[in-house]
2 protein chains.
Amino acid sequence: MCARPRNPQACEAWQLLLQFSFSQRASLPALASELELSPAQCHLLNLIADQPMPMGQLAGSLSCDASNVTGLVDRLESRGLVQRSPSAEDRRVKVLSLTPTGERLRAALIARMTSEPPTLTRLSPADQRALVRILRRLLD
Amino acid sequence: MCARPRNPQACEAWQLLLQFSFSQRASLPALASELELSPAQCHLLNLIADQPMPMGQLAGSLSCDASNVTGLVDRLESRGLVQRSPSAEDRRVKVLSLTPTGERLRAALIARMTSEPPTLTRLSPADQRALVRILRRLLD
DNA sequence: TATTGTTATACTCTATAACTATA
DNA sequence: TATAGTTATAGAGTATAACAATA
């Protein structure tokens, strides 16, 4: 599959990571619907952290058009999960923050996604440590 | 973020893998549009391999409804990338195969996704080997 | 004049329910 | 009667272009 790679090891590692991503892509809809969310809404909630975030920055992090964020936020806001507030410094900007309900739902989402890592218990403790160390360096 | 985990190492490794998946989710649309594909079409092309695949099995692998696969395949077929054929054993079943054009596009997609693994060169050769070994066991 | 976010529009993705053909 | 795939329908995700408010 990896034709004439400069670095076969790196190429295979990348393929395996992509395979993991596609498997996550397949499993996210079911997980999301448990919380009555869509995959895109999960992605947004995963990104929005403690500090409020401008809409435009959110579009950048999601790598999608700003008009798309408008619609996503419309639906989350209509459910009382997020809140738009005009920025004090630049009144064109609207910053997004989680409501208390939104924070609870986000916490539930994170907990649901990270609880009981399905297959990781197959790995030895040493391999688990190695995986953490390597992924940290990779995602830094 | 990982509240009262039984296994902190496994939990953190899982979080890092999920973070990687979300970053891939953000970068896939741009990569896909280079080949005039959607992310969902990339997912389907990534799954369909050398041997023809029944539509229903494809729905299972994509974790989506069969009616959704109908639409996805309609669009791919109208571009001459895939082909429906009735199964000989069970005439209700339609198996999907890549056309020569589809095979070329799939190869281009895989090549584009796996070429120049962006940040993997940060890792030492030993860490690259360890990552391959660990992910293989994980995704088995 | 440039930028942030919204609106209008169009198309794709996705699920549900009803349907057809086959088993 | 049950199953594989399609069709009809509706809603969500997505981008492009035009627009309003602000810088």
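Per chain, numbering begins at 1; letters A, B, ... match sequence-line order. Keep in mind that the numbers below use all heavy atoms, side chains included, and drop hydrogens, waters and symmetry copies.
- In terms of heavy-atom proximity, A:Leu18 sits nearest to B:Phe20 at N-CE2, 4.3 Å.
- B:Trp14 places no side-chain N or O within donor-acceptor distance of the main-chain N or O of A:Thr119, the cut-off being under 3.5 Å.
- Computed from coordinates, the B:His43 NE2 to C:dT14 C1' distance equals 14 Å when rounded to whole Å.
- Map A:Ser63 and B:Gly56 each onto its nearest nucleotide of DNA chain D; the residue landing nearer the 5' end is B:Gly56.
- Between the side chain of A:Gln128 and the backbone N or O of A:Leu123, at least one donor-acceptor pair lies under 3.5 Å.
- Following chains of ILVMFWY side-chain contacts shorter than 4.5 Å, one cannot reach B:Val95 starting from B:Ile48, and the two form parts of different hydrophobic clusters.
- Residues of residues 29-42 of chain B that place a heavy atom closer than 4.0 Å to DNA chain C, in numerical order, are B:Ser38, B:Ala40, B:Gln41.
- Legend: residues meeting salt bridge (Lys or Arg N to Asp or Glu O under 4.0 Å) with A:Arg92, ordered by chain and number and at least two apart, are A:Asp90.
- Screening residues 59-76 of chain B for side chain to side chain donor-acceptor pair (under 3.5 Å), with sequence neighbours left out, gives B:Asp65-B:Ser67, B:Asp74-B:Arg84.
- Both B:Arg75 and A:Arg92 lie near DNA chain C, and the one whose nearest nucleotide falls closer to the 5' end is A:Arg92.
- Residues satisfying the side-chain hydrogen bond (donor to acceptor under 3.5 Å, both in side chains) criterion with B:Arg133, sequence neighbours excluded, are A:Asp127.
- B:Thr114 contributes no side-chain N or O that, together with a main-chain N or O of A:Cys11, makes up a donor-acceptor pair within less than 3.5 Å.
- For the pair B:Glu89 CD and C:dT22 C1', the interatomic distance rounds to 14 Å; values are reported in whole Å.
- The span of DNA chain D lying next to chain A, judged by atoms under 4.0 Å from heavy atoms, is bounded 5' to 3' by D:dA12 to D:dA23.
- Distance, A:Asp90 CG to C:dA2 P: 17 Å, rounded to whole Å.
- Side-chain atoms of B:Arg106 come within 3.5 Å of backbone N or O of B:Asn46 as a donor-acceptor pair.
- Under the 3.5 Å distance criterion, the side-chain polar atoms of B:Gln41 are matched with a main-chain donor or acceptor of B:Ser38.
- Heavy atoms of A:Asn68 sit under 4.0 angstrom from at least one base atom.
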Are there any protein N/O atoms within less than 3.5 Å of an N/O atom in nucleotides 6-8 of chain C, and if so, which ones and at what distance?
residue: C:dT6; atom: OP1; partner: A:Arg84; partner atom: NE; Å: 2.7
residue: C:dT6; atom: OP1; partner: A:Arg84; partner atom: NH2; Å: 3.3
residue: C:dT6; atom: OP1; partner: A:Lys94; partner atom: NZ; Å: 3.4
residue: C:dT6; atom: OP2; partner: A:Thr70; partner atom: OG1; Å: 2.7

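- Linking Ile, Leu, Val, Met, Phe, Trp and Tyr whenever their side-chain heavy atoms come within less than 4.5 Å puts A:Leu16 and A:Leu138 in one cluster.
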